[in-house]
Amino acid sequence: MPSDGTLEGRNVLVLTTNYGTEQDELTRPAAALRASGARVTVAAQKDEAVQTLVSDRHPGDLVPAETTLARATAEEYDAVLVPGGTLNADQLRTDADARRLVSAFAAAGKPVAAICHGPWLLVDSGLAAGRELTSYPSLRPDLENAGGTWRDREVVVDTSGDHPLITSRRPDDLDAFSSAIIRVLAGDD
């Protein structure tokens, strides 16, 4: 897709493990952001390609990782994206570098976007408290126990806190999720 230039000069960091990320939750938002002119960098736990999965069980595409979670810093980027995939999200939530990064983006007032099981990282980073958000339905108790207000909507954009928070439920909601990230980065939301 040719760039429409909307996000020219914007840089987005994707946080992922090297195995278990839901393919479409990584590749489709990344493609939409790139089509809008943003540079997207995938940061994984190791300097190896990311083996994505489809529906948490079938092998998906291999996605190159340009950096590691340990080397990445929030200062270089304008927003962070946390894809789901149950295995990916369960590992990310306990990864100290992933928690450090998502917290640094929030502290700097930069947009934080998470889809499906990705909001588990928000729980373990203390970023769900006092915020309105959504996720895969099974995470609702975790998000509410962490002090968030869960909504059953395809995308929730919460600008009430110190940083924009964009969350979505599942792969079926990817178009709305990707559009919301682009709107927030473009200053339209």
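Numbers here are sequence positions counted from 1.
Contact record, T134 with P119: O-CG, 3.7 Å, taken as the closest heavy-atom pair. Shortest non-hydrogen contact noted between S135 and C116 is CB-O, 3.5 Å. Closest non-hydrogen pair, A106 versus H163, comes out as CB-CD2, 3.4 Å. Closest approach of V184 to P164, counting heavy atoms only: CG1-CB, 3.8 Å. The nearest pair of heavy atoms linking A74 to L101 is N-CD2, 4.0 Å. Scanning all heavy atoms of the two residues, the minimum distance from N18 to A49 falls at ND2-O, 3.5 Å.
Here the straight-line distance linking atom OG1 of T27 with atom CG of D61 works out to 6.5 Å at 0.5 Å rounding. Between the OG atom of S168 and the CG atom of L174 there is a distance of 6.5 Å, given to the nearest 0.5 Å. Taking CD from E144 and CH2 from W150, the interatomic distance works out to 8.0 Å, rounded to the nearest 0.5 Å. Residue Q45 holds its CD atom at 10.0 Å from OG1 of T68, rounded to the nearest 0.5 Å. To the nearest 0.5 Å, atoms CG (L143) and OG1 (T149) are separated by 10.0 Å. In this structure, Q23 CD and Q51 CD are separated by 9.0 Å, a value rounded to the nearest 0.5 Å.
Residues F105 and L13 are in side-chain contact: their nearest non-hydrogen atoms beyond the backbone lie under 4.5 Å apart. In this structure, D78 and V12 have side chains that are not in contact, with every pair of non-hydrogen atoms separated by 4.5 Å or more. Here the side chains of Y19 and V50 are not in contact, with every heavy-atom distance at 4.5 Å or above. Within the 4.5 Å cutoff, the side chain of F177 has no heavy atoms near those of the R169 side chain. Between L26 and V63 there is a side-chain heavy-atom pair separated by less than 4.5 Å. Looking at T167 and L122, their side chains come closer than 4.5 Å, going by heavy atoms from C-beta outward. Between I181 and P111, every side-chain heavy-atom pair lies at or beyond the 4.5 Å cut-off. The shortest distance between side-chain heavy atoms of R93 and V123 falls below 4.5 Å.
By the criterion of side-chain heavy atoms lying less than 4.5 angstrom apart, applied directly or through intervening Ile, Leu, Val, Met, Phe, Trp or Tyr residues, I166 is not grouped with V80; the two fall into different hydrophobic clusters. There is no path of hydrophobic side-chain contacts, each under 4.5 Å, that joins I115 to V102. Residues V112 and W120 share a hydrophobic cluster, clusters being chains of Ile/Leu/Val/Met/Phe/Trp/Tyr side chains in contact below 4.5 Å. Note on L127: it clusters hydrophobically with L165, by side-chain heavy-atom contacts below 4.5 Å among ILVMFWY residues.
Formation of a donor-acceptor pair under 3.5 Å by the N145 side chain with backbone atoms of P141 is found in this model. Judged purely by atom type and a 3.5 angstrom limit, D24 has no side-chain atom pairing as donor or acceptor with the backbone of P171. Looking at R99, its side chain does come within 3.5 Å of a backbone N or O of T94 through a donor-acceptor pair. Distance alone, capped at 3.5 Å, is enough to place a donor-acceptor pair between the R100 side chain and the L69 backbone. Between the side chain of E132 and the backbone N or O of G148, no donor-acceptor pair lies under 3.5 Å. Judged by distance alone, with hydrogens and angles left aside, the side-chain atoms of E66 form no donor-acceptor pair with the main-chain N or O of T41 at under 3.5 Å. Checked by atom type and distance alone, the side chain of E22 never pairs as donor or acceptor with a backbone atom of T52 at under 3.5 Å. Side-chain N or O atoms of D158 include one that pairs as donor or acceptor with a backbone N or O of S160 at under 3.5 Å.
Salt-bridge check for R153 with D173: failed, with every basic side-chain N at 4.0 Å or more from each acidic carboxylate O.
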### Query
Given L33 and L185, is the side chain to side chain contact (heavy atoms under 4.5 Å, CB included) satisfied, shown in steps?
CA-CA 10 Å; L33 287 161; L185 274 173; 4.0 Å; yes
### Task
Under the salt bridge (Lys or Arg N to Asp or Glu O under 4.0 Å) rule, what do R28 and D175 come out as? Steps first, then yes or no, please.
CA-CA 8 Å; R28 285 184 46 199; D175 289 342; 2.9 Å; yes
### Message
Run the side chain to side chain contact (heavy atoms under 4.5 Å, CB included) test on R10 and I182 for me, step by step, so that the C-alpha distance in whole Å, both residues' side-chain angles and the decisive distance to 0.1 Å come before the verdict.
### Response
CA-CA 10 Å; R10 298 293 191 146; I182 292 166; over 6 Å; no
### Task
In sequence, state the C-alpha distance, the side-chain angles, and the governing distance for H117 and L139, and then conclude on side chain to side chain contact (heavy atoms under 4.5 Å, CB included).
CA-CA 7 Å; H117 287 79; L139 273 64; 3.2 Å; yes
### Task
Tell me, with the steps shown, if V82 and L92 meet side chain to side chain contact (heavy atoms under 4.5 Å, CB included).
CA-CA 9 Å; V82 183; L92 274 185; 4.0 Å; yes
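Taking a 6.0 Å sphere around CG of D162, one finds it holds 12 or fewer heavy atoms contributed by other residues, nucleotides or ligands.
Side-chain contact, T17 with N88: a donor N or O sits under 3.5 Å from an acceptor N or O.
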